Structures are given as structure tokens and as C-alpha cells.
Protein chains: 2
Amino acid sequence: MELRHLRYFIAVAEEGNFRRAAERIGIAQPPLSSQIKDLEDELEVQLFRRLPRGAALTEAGEAFLAEVIVIFRQVEFAKQMALRGAAGEFGRLRIGFTGSAAFNELVPKIIRSFRKAYPSVALTLAELNTRQLLDQIRSRSIDAAFIRPGPTSPDGIKITMVAEEPMMVVLPTGHRLAKEYAIPLSSLQDEPLVLHSRELGPDLYDEVIEGFRRSGVDPVIGQIAPQITSIANLVAVELGVSIVPAPLSAINVPGVVFLPIIGDAPRARLAVATHPDDHSVVTRNFKQQVATNLQKR
Amino acid sequence: MELRHLRYFIAVAEEGNFRRAAERIGIAQPPLSSQIKDLEDELEVQLFRRLPRGAALTEAGEAFLAEVIVIFRQVEFAKQMALRGAAGEFGRLRIGFTGSAAFNELVPKIIRSFRKAYPSVALTLAELNTRQLLDQIRSRSIDAAFIRPGPTSPDGIKITMVAEEPMMVVLPTGHRLAKEYAIPLSSLQDEPLVLHSRELGPDLYDEVIEGFRRSGVDPVIGQIAPQITSIANLVAVELGVSIVPAPLSAINVPGVVFLPIIGDAPRARLAVATHPDDHSVVTRNFKQQVATNLQKR
DNA sequence: TTATTATGATACATTTTATGTATCAGTTGG
DNA sequence: CCAACTGATACATAAAATGTATCATAATAA
């Protein structure tokens with residue numbers, strides 16, 4: 001059975017006449033009779049009563065017609081769904097982000113706008129450290145990640161820059177400089193530094209260390225933070241001082257102050273990482289959404 | 001697009017490999033590639049990503065596949081419905097009956113058993129007089145009717161005998177013979193007769209008149225009853241006497257008694273009338289159900 | 001009644017189209 | 001680098017749909 005048989009069946013059913021149906025289809029009458037016969041043979045059921053004045057549906061034909069109409073509706077629907085699938089309306093998108101990236105307002109903004117544009121895409125969000133994010137991008141366990149990259153793209157990863165944030169000094173409120181409006185990094189000479197493990201985010205780590213060196217400070221690590229977002233808490237209990245991307249000052253941590261940096265200061269980059277071989281339309285749409293949100297700024 | 005394209009599409013989707021899919025279908029690989037290409041051209045969407053190690057569904061392909069599977073389920077369902085339609089499971093059956101016929105227990109019994117056997121058939125029941133029933137059978141406004149036929153089949157009507165009922169005398173309780181157990185028709189000489197209009201049911205009418213004549217009684221019509229079922233009520237108010245098919249004695253009419261007839265008595269026939277050109281399976285099934293109920297007796 | 005018209009079915013020729021064969025180009029893995 | 005496997009291409013072949021001519025039947029008109 002082919003759709004052709006069903007198209008012809010509908011034509012005969014609607015016209016009630018083989019000749020007119022054949023004309024409507026655009027073929028001669030004999031092949032139409034032949035095709036209908038083939039259909040009836042396959043179903044082992046007579047679909048039409050051949051009358052001297054045309055052809056009328058049998059009960060079997062009536063019952064069949066109702067369902068055949070559904071078949072064609074479903075065929076049209078399948079076509080539509082293919083097009084919508086091609087447009088990236090379905091599927092899933094697994095997004096990862098580092099804890100510190102989430103504080104940039106662009107991150108939730110981009111995710112919200114994507115959800116709105118593609119409500120049928122199943123979104124997964126996971127907070128991981130940069131190393132894990134890159135590994136999962138490489139193994140295609142996640143599709144895109146907001147990370148803090150270094151100046152060079154990691155191997156086998158495609159980077160799209162999103163934002164560059166100034167960094168701010170974090171001091172305990174009791175610190176001698178806590179009352180200043182802004183300070184240069186050079187004023188933190190010999191202060192023990194609270195910093196996240198280099199393993200978790202090597203690029204931002206290096207950026208910070210390099211920043212201090214540029215200002216003539218030889219940084220001394222006083223305490224390793226389990227993650228960037230907990231740096232402020234460690235500073236609050238006076239385990240040292242630190243610098244963090246500006247958006248992190250939004251965390252309300254009692255016992256610390258955030259101060260702008262005067263002069264040459266390290267900057268924190270925020271980027272979206274994807275797999276270079278990911279040709280998925282969903283991922284492409286996500287990157288498109290990222291670009292749109294950058295333009296609107 | 002033909003179902004063939006969709007069958008091939010499913011094979012490639014499931015195998016993830018054109019060669020294996022072709023083998024499974026039972027054709028060579030090149031025509032399979034060609035057919036898939038045709039499908040993609042028609043949809044104007046790429047369904048597979050051709051990889052050096054096989055073929056993977058695109059998002060469009062994924063979305064399409066889900067709906068194509070539904071198409072084939074629907075095709076199977078349509079086939080099933082055609083078969084069930086051929087078995088007379090669907091459609092409608094318009095049954096008519098005369099008021100007096102409904103009193104024979106076989107009538108509700110047959111209708112009940114048909115309903116049970118073919119619950120999806122839409123049943124219509126209409127009570128009409130014999131003349132109207134026959135007209136509606138001829139014009140195919142109803143499919144079958146329980147009527148009281150004469151000895152010969154009416155023109156253009158197919159008759160199937162169902163039952164032959166004895167007739168009983170109906171007397172007002174105050175009648176001189178009301179206390180008897182059974183009487184001959186001849187004892188009703190000169191009694192005014194209550195009878196339905198000949199127009200409404202000529203066959204039973206003639207049967208009654210003829211029955212009286214055979215017993216040597218020249219019947220005198222005292223009152224025309226609007227329908228057979230109201231004869232007893234007219235007898236109750238002493239407008240005359242009558243005879244009715246035995247099952248009608250089941251009506252509880254105060255003021256009348258029903259007595260068996262001694263000797264040669266008219267008999268009331270009960271039959272199913274159908275159109276001779278009605279080849280509908282539903283009607284056929286109904287007649288089959290009638291036959292089954294007769295055998296069980 | 002007879003002639004005419006309209007119906008779907010049949011027989012066979014023709015065209016279209018799906019399929020088969022041979023081969024190619026690209027990628028992967030040893 | 002070579003061998004193996006992938007899908008694509010070119011062209012020949014076979015199958016199947018379609019077209020043409022005609023028939024048998026039944027309803028309708030003369």
C-alpha cells in the first residue's frame with residue numbers, strides 16, 4: 001500500500017464516480033480502477049459497491065475513509081514537525097556555567113530569552129567548575145557553557161566572547177584600607193591572598209596572579225577557596241584579601257567591602273564555550289541568542 | 001511522497017546506516033540513497049547527517065521520525081477499521097415496528113441481542129403503522145420493520161417470518177360471556193366489533209374479518225380504533241367486542257377480559273420487512289440476529 | 001420496445017520510475 | 001601508508017504505473 005492508493009481512494013469516495021475521480025487526479029480511468037482494485041485486494045475488503053450509476057462506499061469503505069483522512073492529516077503534521085525540527089524548535093540544550101559567571105546579568109538574560117524564543121527545547125542547567133565544563137563540552141555531555149576563559153582558546157573548544165568585567169578588591173571591613181573609595185593593587189603588597197584553586201579555573205587564576213605582578217606585587221596565597229563565590233566569605237573571616245569580578249560584589253556578605261581598583265587592573269572575561277563540531281541547530285540558535293543579547297546592549 | 005519513502009526513512013533511522021538499512025529492506029544501497037534524497041528534496045529539509053561512519057538523524061529527522069511512526073500506526077488502524085466496517089460493526093440501523101408487534105417478546109429480545117452483538121451500531125427505533133413502515137422501507141428511510149403481514153409478500157418488500165400468534169377475544173367484564181374460559185367466534189354473532197382502520201394494517205384487518213366469516217359470523221364494525229393497542233380500551237367502555245393477538249393481553253386494561261378462541265381462529269403473523277436491494281452488512285447482521293433468536297426458541 | 005448514454009472492467013502498449021550494477025570519493029583505523 | 005567502510009554518482013535494467021482502445025452492463029430517452 002502506498003499513499004497514492006489512499007489519495008485515489010479518497011478521490012473516488014468523494015466523487016462517487018471513477019471517471020470523474022480519474023479526471024480530478026489527472027490520470028485515465030482504467031489505471032484508477034486498477035489501483036483501487038489493488039488496494040481492495042491488499043485489504044481483502046471491498047471498499048466500493050460498483051453501481052450502474054457510479055460507485056458508492058461500502059461500510060468497510062466508510063470506516064476506512066474516516067481513518068485515511070486522519071493519515072493525511074498526520075502526514076502533513078509530520079512535514080510541519082520536520083520543518084520545525086530543522087528550525088531548532090525541539091530537542092534539548094544542556095547549558096553549564098561556572099559559579100562566578102552566573103553573577104553577570106547577561107547569563108540569566110540570555111537563558112531567559114532563549115527559553116522564550118524556543119519554549120519546546122528542554123533546557124538543562126548545571127553549575128560546574130571551568131575544568132569540568134570544558135571536559136563535558138569535549139565529551140559532548142553539555143552543549144554550551146558560560147566560562148571565564150584565558151586569552152587563548154582552549155584546545156578543541158570554540159569560544160565566543162560575551163563580556164569583560166572589571167575586577168574589584170575584597171577586603172574585610174576591619175582592614176586598614178576598607179574605608180577608601182578605590183585602591184591600587186600595589187597597596188596590597190605582602191597581604192595574604194584568598195584565591196580559588198588553579199585547577200578549577202586556571203585562566204582567571206593566571207589573570208589575577210599576572211595582574212598583581214604587573215602592579216609590582218608578588219602575590220602570596222594565604223588561603224585556597226573551594227570556589228570563587230566563597231572567596232568573599234573567607235575574606236570576611238580575615239583569612240586574607242582578594243580580587244573578584246565586579247558582578248560578584250552583588251553577593252551580600254557581611255564583614256567585607258568591595259573596592260574598585262585604581263590603575264592597571266586584571267579584567268575577567270566571560271565567554272560561551274561550545275564544541276567546534278556541534279552542528280546542532282539548537283546550539284546554533286543558542287549562540288544566535290547570545291549574539292542578539294550582546295547587540296542589544 | 002509515498003509510504004515507501006517513509007518505510008525507508010524509518011529503516012535508515014533505525015539502522016543508522018544506509019547499507020544495513022538497504023539490506024534490511026531488501027534492496028541495494030544506491031536506490032535507497034536515491035529515495036531518501038527524494039524525500040529530503042520534497043520536504044526541503046535534511047533528515048540525515050551523512051557521517052563517514054554511517055548516518056545520523058538531524059533534529060528535523062528526529063522530529064519527523066516521531067510523527068512518521070504515528071502515520072504507520074494510523075495506517076494499521078485504518079486497515080483494522082475497514083475490516084471491522086466490513087463485519088458490520090459500525091454504521092446505523094433504523095428499525096420500525098407496529099404498536100402491536102412490540103408486544104411479542106421476540107421483538108425486544110432480538111433488538112437487545114443485536115445491541116449486545118454490535119454495540120457500535122447506532123440504533124433508531126420508530127413506532128409507525130404498517131402502511132407507513134412499508135413506505136419507509138421502500139424509500140429506504142428505515143432499514144427493517146416488525147410488521148404484521150398478510151399471506152402474500154407486499155410489493156418490493158422482503159419478508160422474513162418471525163412468529164405466528166393465536167388471537168384472543170376481548171370482552172368487557174360485564175359481558176354475558178366474560179365468565180367463560182374460552183369461546184368460539186360463532187358465539188359473537190351480531191356483537192358490534194371494535195377494530196383498527198383497514199388503512200393502518202390491511203393484512204391483520206382482513207385476517208380478522210376472514211376469520212369471523214369462516215366461523216359463520218358476518219362481522220359488524222361498531223367502532224374504528226385509532227390503533228390496535230387501543231382496542232382493549234374501547235372494549236372496556238363497552239363500545240363492542242374484538243379479537244387481538246394473544247401477546248396484547250399483557251396490557252393491563254381494567255374492565256376487559258381476554259379469552260382463548262375455541263376452534264378455527266384467525267392467527268396473527270409477525271415478520272421482519274426489509275428492502276430487497278439492501279446489501280448493507282448491518283442489515284444482514286440484523287437479519288442474522290433474527291434468525292438466531294428464532295432457532296434458540 | 002429500441003437506441004443512446006454512462007458506467008466500470010479488461011487487454012495490451014507505453015512511459016515512468018524504482019531498482020541493480022559498477023564505481024567513485026571521503027574518512028577511519030591499523 | 002593501505003585496507004576497510006561509508007554514502008554518492010552514472011548508467012543499465014526491471015517493474016509498475018499509466019494510457020489507449022474496447023467491452024459488458026444498466027439506466028434513460030425516444
Side-chain angles (χ1 to χ4, degrees), chain A residues 1-43 45-58 60-61 65 138-140 156 275-279, chain B residues 1-58 60-61 64-65 138-140 156 275-279:
Chain A
M1 186 196 298
E2 296 294 343
L3 288 178
R4 173 171 24 83
H5 294 109
L6 305 182
R7 280 189 285 264
Y8 292 0
F9 167 72
I10 289 180
V12 178
E14 289 183 352
E15 295 290 340
N17 180 305
F18 277 70
R19 292 189 117 88
R20 279 204 302 277
E23 192 176 359
R24 183 172 117 182
I25 297 166
I27 64 172
Q29 170 261 315
L32 176 57
S33 289
S34 158
Q35 294 288 313
I36 296 292
K37 192 176 189 309
D38 290 349
L39 180 60
E40 289 178 327
D41 286 351
E42 177 173 348
L43 296 177
V45 151
Q46 191 148 343
L47 296 171
F48 294 102
R49 252 188 285 280
R50 275 71 164 180
L51 308 171
R53 269 260 158 258
L57 284 167
T58 60
L65 176 62
R138 285 195 193 91
S139 67
R140 315 199 65 155
H275 195 288
D277 296 345
D278 186 349
H279 301 117
Chain B
M1 187 195 297
E2 296 294 342
L3 288 178
R4 172 171 23 84
H5 295 110
L6 305 181
R7 278 188 286 265
Y8 292 0
F9 166 71
I10 290 180
V12 177
E14 288 182 354
E15 296 289 340
N17 181 306
F18 277 71
R19 293 190 117 87
R20 279 204 302 275
E23 192 177 358
R24 183 171 118 185
I25 297 166
I27 64 171
Q29 170 261 316
L32 176 57
S33 289
S34 159
Q35 293 290 311
I36 295 292
K37 191 175 189 312
D38 290 349
L39 180 59
E40 290 178 327
D41 286 351
E42 178 174 347
L43 296 178
E44 295 181 315
V45 151
Q46 191 149 346
L47 296 171
F48 293 102
R49 250 187 287 280
R50 274 71 164 181
L51 308 172
R53 269 253 159 260
L57 284 167
T58 60
F64 193 56
L65 177 61
R138 286 195 193 89
S139 67
R140 314 199 65 156
H275 195 288
D277 296 344
D278 186 350
H279 301 117

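Residue numbering restarts at 1 for every chain, and letters A, B, ... go by the order of the sequence lines. Note that the structure is a prediction, hence the values are computed from the model and not measured. FYI, side chains are in, hydrogens and waters are out, and symmetry mates aren't considered; it's all heavy atoms of this structure.
We find that CZ of A:R50 is positioned 12 Å from C1' of C:dT7, with the value rounded to whole Å. Taking atom OH of residue B:Y8 and atom P of nucleotide C:dT19, one finds them 3 Å apart after rounding to whole Å. To the nearest angstrom, P of C:dT17 lies 17 Å from CE of B:M1. Regarding B:N17, its CG atom lies at a distance of 17 Å from the P atom of D:dA4, rounded to whole Å. Here D:dG7 presents its P atom at 13 Å from CG of B:L57, a figure rounded to the nearest Å. With rounding to whole Å, B:K37 atom NZ is found 16 Å from C:dT19 atom P. Across the protein-nucleic acid pair, A:L39 atom CG and D:dA17 atom C1' stand 15 Å apart, rounded to whole Å. Rounded to whole Å, atom C1' of C:dT19 lies 12 Å from atom NE2 of B:H5.
Here A:R4 reaches the OP1 or OP2 of D:dA17: one of its side-chain N or O atoms lies under 4.0 Å away. B:S33 has a side-chain polar atom (N or O) that falls below the 4.0 Å cut-off from OP1 or OP2 of D:dA8.
Enclosure of atom CD in B:E44 is not indicated, since only 12 or fewer non-hydrogen atoms of other residues, nucleotides or ligands lie within 6.0 angstrom.
Here B:R140 pairs with B:H275, B:D277, B:D278 under the side chain to side chain contact (heavy atoms under 4.5 Å, CB included) rule; sequence neighbours left out. Residues that satisfy the side chain to side chain contact (heavy atoms under 4.5 Å, CB included) test with B:A60, not counting sequence neighbours, are A:A86, B:V45, B:T58. By the side chain to side chain contact (heavy atoms under 4.5 Å, CB included) test, B:R7 is found to be paired with A:E2, B:L3, B:R4, B:F72, residues two or more places apart in sequence or in another chain being considered. Not a single side chain to side chain contact (heavy atoms under 4.5 Å, CB included) links A:E23 to another residue, sequence neighbours left out.
Contact of the B:I36 side chain with the B:R50 side chain is registered, since non-hydrogen atoms from C-beta on lie closer than 4.5 Å.
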With the sugar-phosphate defined as primed atoms, P, OP1 and OP2, and the base as all remaining atoms, what B/S/- string results for nucleotides 20-27 of chain C, 5' to 3', for protein heavy atoms under 4.0 Å? BBB----S
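Between the side chain of B:E15 and the main chain of B:A55, no donor-acceptor pair closer than 3.5 Å is present. Judged by distance alone, with hydrogens and angles left aside, the side-chain atoms of A:Q35 form no donor-acceptor pair with the main-chain N or O of A:H5 at under 3.5 Å. With B:Q29 contributing its side chain and B:F18 its backbone, the two residues share no donor-acceptor pair below 3.5 Å.
When the nucleotides C:dG8, C:dT19, D:dA17 are ranked by their closest atom to the side chain of A:Q35, D:dA17 comes out on top.
The residue A:F48 sits apart from the nucleic acid: no heavy atom pair falls under 4.0 Å.
The terminal axes of the helix from C:dT1-D:dA30 to C:dG30-D:dC1, fitted over 5 pairs per end, subtend an angle of 20° to the nearest 10°.
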